[in-house]
There are 2 protein chains.
Amino acid sequence: MNETFRPTLNDVARAAGVSTATVSRCLNEPDRVVPATRERVMRAVKDLGYTPDFGGRALASRRTKTVGAVIPTMENAIFARGLQAFQETLSEAGVTLLVAGSGYDSEREAEQVRALVGRGADGLLLIGLARPQATYDYLRQRGTPYVLAWNLGDTSDHFIGFDNLRAAAEIASKVIELGHRDIAMIAGVTSMNDRAADRVEGVRSAMRRAISEVKSFDVIEAPYTFEDGATAFDRLVRRTPRPTAVICGNDVLAVGAISRAKALGLGVPGDISITGFDDIDIASFVEPALTTVHVPHRRMGSAAAQVLLRLIANEPVEPRVEIGVEIVMRGSLGPPPGTTP
Amino acid sequence: MNETFRPTLNDVARAAGVSTATVSRCLNEPDRVVPATRERVMRAVKDLGYTPDFGGRALASRRTKTVGAVIPTMENAIFARGLQAFQETLSEAGVTLLVAGSGYDSEREAEQVRALVGRGADGLLLIGLARPQATYDYLRQRGTPYVLAWNLGDTSDHFIGFDNLRAAAEIASKVIELGHRDIAMIAGVTSMNDRAADRVEGVRSAMRRAISEVKSFDVIEAPYTFEDGATAFDRLVRRTPRPTAVICGNDVLAVGAISRAKALGLGVPGDISITGFDDIDIASFVEPALTTVHVPHRRMGSAAAQVLLRLIANEPVEPRVEIGVEIVMRGSLGPPPGTTP
DNA sequence: TTGTACGCGTTATCAC
DNA sequence: GTGATAACGCGTACAA
């Protein structure tokens, strides 16, 4: 009754009264089999509940129709979105996606890369570019195609991303233009995270360019939750001089900051302006709506899939796909208090 | 230079001057090999950048240290959270997680189940219980262990979840107790989604229990985004009589509803109360903070992993793990307008 | 159009 | 402690 029976090609062949080769053909190139036998084989497949064994198939054919992705965490909406699109595009090409999480740890990422490659992944998606050289060496030695997303680099790898530094600089310039002179930044954790680091560097460069105007500039780092953003805001707002604008490294931190500002009785943007980065869904639903950098994560995900598929098929690809981002002005950024309009 | 060389057991064996059997042992049962040879073998492994081939291993050993999960979408924070915990717990046991998305489509789910089983998944995590009988039959015939999470059922399967119906009934009762008489619900899509359907049924049952008090009750369904919640709220609020409380099937819809309410100039909860379900991060950061049902998704995820691991190891398990949920009262639910305190 | 037979990379069972 | 060698399930020349 509870017999666990895993039918093989052989079982199907016997049941249908044909050879294993014919069954294999029915599954892979149905046209090369006459409808009569095909029908019989397909019936046997259904009856036995046969599913091709992946291991055997991979072993015999040397490819898997599988690609892997290693992302920092599934708990962040921006990766979830991009990955969803990535997988939809792969799906259309009949390719399966395997997802693994690194927890923002580059050693763990290296492990996962090896695991996915060992599993026969035909190609890999990795996030950003900050990782040990050994990981790159491994991939290149194996000849496993891979793409890097969410940022742009200047190596010979394939990038599908946007210029985090420039975008961050632009939004910071907007803040300065509006007249803010005491500015602070709540950054994501920059260690081994080139996206977070680039955003800090972008904001810093904008500050340097306006060095004669900006009076104070402070950066603190915070982890990944709304709560972390709120806590960081708490600390910043106690400093002297109190910043009139807080630039956040991502929307999660920014939403946390807005919430805490309101809880402290500070008007946004009346008393203090706040900006984000990413334009996640919630950004337009908080009050005031968040001024942020819109990143088309879905477009980036499917572009990454397209590049990776071409790479795997050995078709020509452009080494660098820049995804356009743009600043969306919403209610959370305004002129500093005491400004005459 | 760009030679793609995939070293095999054989290559390592030759490089280390031993047999393939010894290399295999070094990797799987290091104790059964003397340190001297082991050292030599491990060096060869490093030098060649060898990674065991998963296919070959699965073929020879008939197990994979891999479990699969099929979730409706990665874009929903509640699944992301639970899954993250699920995978962390698996990870501690040296088991890899493969994730696939069904897009809320039970046919697609069936495909993914077959794909994962074909890939050698030792066990599976599925969400909820509404799916074609064929999917269950397939799993049972193959003898693949699986657990069902996010809800509880009364079949002989293994459940790790909570009583969606009862929890929804409870929060609805709270609404009624506060004096609301014209009530509406924005439900998730209930087709092939037992969690959404149970929540509707729970609210309905509370309405029936208070049939003499409740004057009007309306349900409409909405998809999965903030925007959908906002749109649905728009429609509801135009009806006569206008509801004084809107019960939402999940927090995403509720946050969308709150946002639209404020945009329409309606005070929450002054003019209209709104409740959610799930207690996602943002629930405590919107204004007013959302009254909702707190679901410990992380605890559920790791409990699911534990049960599945025991199932795979053929150890005794309880067939049903109920995860406690509780209503968290926050600002978005109050008495109806015109009530004298 | 269909069948036969070999090999893919690994583990497991024996000898040694 | 280590080495041959036979499976494992499948794809695919090649033959029929």
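As the structure is a computational prediction, the values presented were derived from the model and not from experiment. Letters A, B, ... are given to chains in the order of the sequence lines, protein chains preceding strands, and every chain is numbered from 1.
- Sorted by first then second residue, the salt bridge (Lys or Arg N to Asp or Glu O under 4.0 Å) pairs that include residues 112-135 of chain A, not counting sequence neighbours, are A:E109-A:R131.
- In this model, the phosphate group of D:dC10 is not approached by any side-chain N or O of A:T20 to a distance below 4.0 Å at OP1 or OP2.
- The number of heavy-atom neighbours closer than 6.0 Å to CD of B:E322, taken from other residues, nucleotides and ligands shown, is above 12.
- The closest side-chain donor-acceptor pair between A:Y136 and A:D157, if any, does not fall under 3.5 angstrom.
- Proximity of residues 44-55 of chain B to DNA chain C (heavy atom under 4.0 angstrom from any strand atom) is restricted to B:Y50, B:P52, B:D53.
- Atom pair A:R6:CZ and D:dC10:C1' shows a separation of 16 Å (rounding to whole Å applied).
- Within the structure, side-chain hydrogen bond (donor to acceptor under 3.5 Å, both in side chains) contacts touching residues 98-108 of chain A (residues at least two apart or in different chains) are A:R108-B:S91.
- Comparing the end axes of the helix from C:dT1-D:dA16 to C:dC16-D:dG1, each fitted to five base pairs by superposing C1' atoms of four pairs onto the next four, gives an inter-axis angle of 30° (nearest 10 degrees).
- B:Q133 and B:D137 are linked by a side-chain donor-acceptor pair at a separation below 3.5 angstrom, with hydrogens and angles left out of the test.
- No contact: A:R38 has no heavy atom under 4.0 Å from any strand.
- Side chain of B:T22, nearest nucleotide from D:dT2, D:dC8, D:dA13: D:dT2.
- In this structure, B:S61 and B:G17 both approach DNA chain D, and ranking their closest nucleotides by distance from the 5' end singles out B:G17.
- Where DNA chain C meets chain A (any atom under 4.0 Å from a heavy atom), the bounding nucleotides read 5' to 3' are C:dT1 to C:dG9.
- Atom CZ in B:R142 sits about 11 Å away from atom P in D:dG9, given to the nearest Å.
- Contact check, A:S24 against D:dG11: a side-chain N or O comes under 4.0 Å of OP1 or OP2.
- Within 4.0 Å (heavy atoms only), A:L9 reaches sugar-phosphate atoms of the nucleic acid but no base atom.
- For the pair A:L27 CG and D:dT12 C1', the interatomic distance rounds to 15 Å; values are reported in whole Å.
- A salt bridge is absent between A:R57 and A:D53; no separation between the charged side-chain nitrogens and carboxylate oxygens falls under 4.0 Å.
- For A:L59 and D:dC8, the CG to C1' distance is 9 Å, given to the nearest whole Å.
- In this view, A:R14 and A:D11 satisfy the salt bridge (Lys or Arg N to Asp or Glu O under 4.0 Å) rule, not counting sequence neighbours.
- With hydrogens and angles left out, the side-chain atoms of A:T51 and B:Y138 include a donor and acceptor closer than 3.5 Å.
- Under the 6.0 Å cut-off for aromatic ring centres, A:F79 and A:W150 qualify, their centroids lying closer than that.
- Ion pairing between a basic and an acidic side chain is recognised when a charged N comes within 4.0 Å of a carboxylate O; A:E318 and A:R310 show no such pairing.
- With A:E88 as the partner, the salt bridge (charged side-chain N to carboxylate O under 4.0 Å, His left out) test is satisfied by one option alone out of A:R81, A:R298, A:R299: A:R298.
- Atom CZ in B:R57 sits roughly 18 Å away from atom P in D:dG9 (whole-Å rounding).
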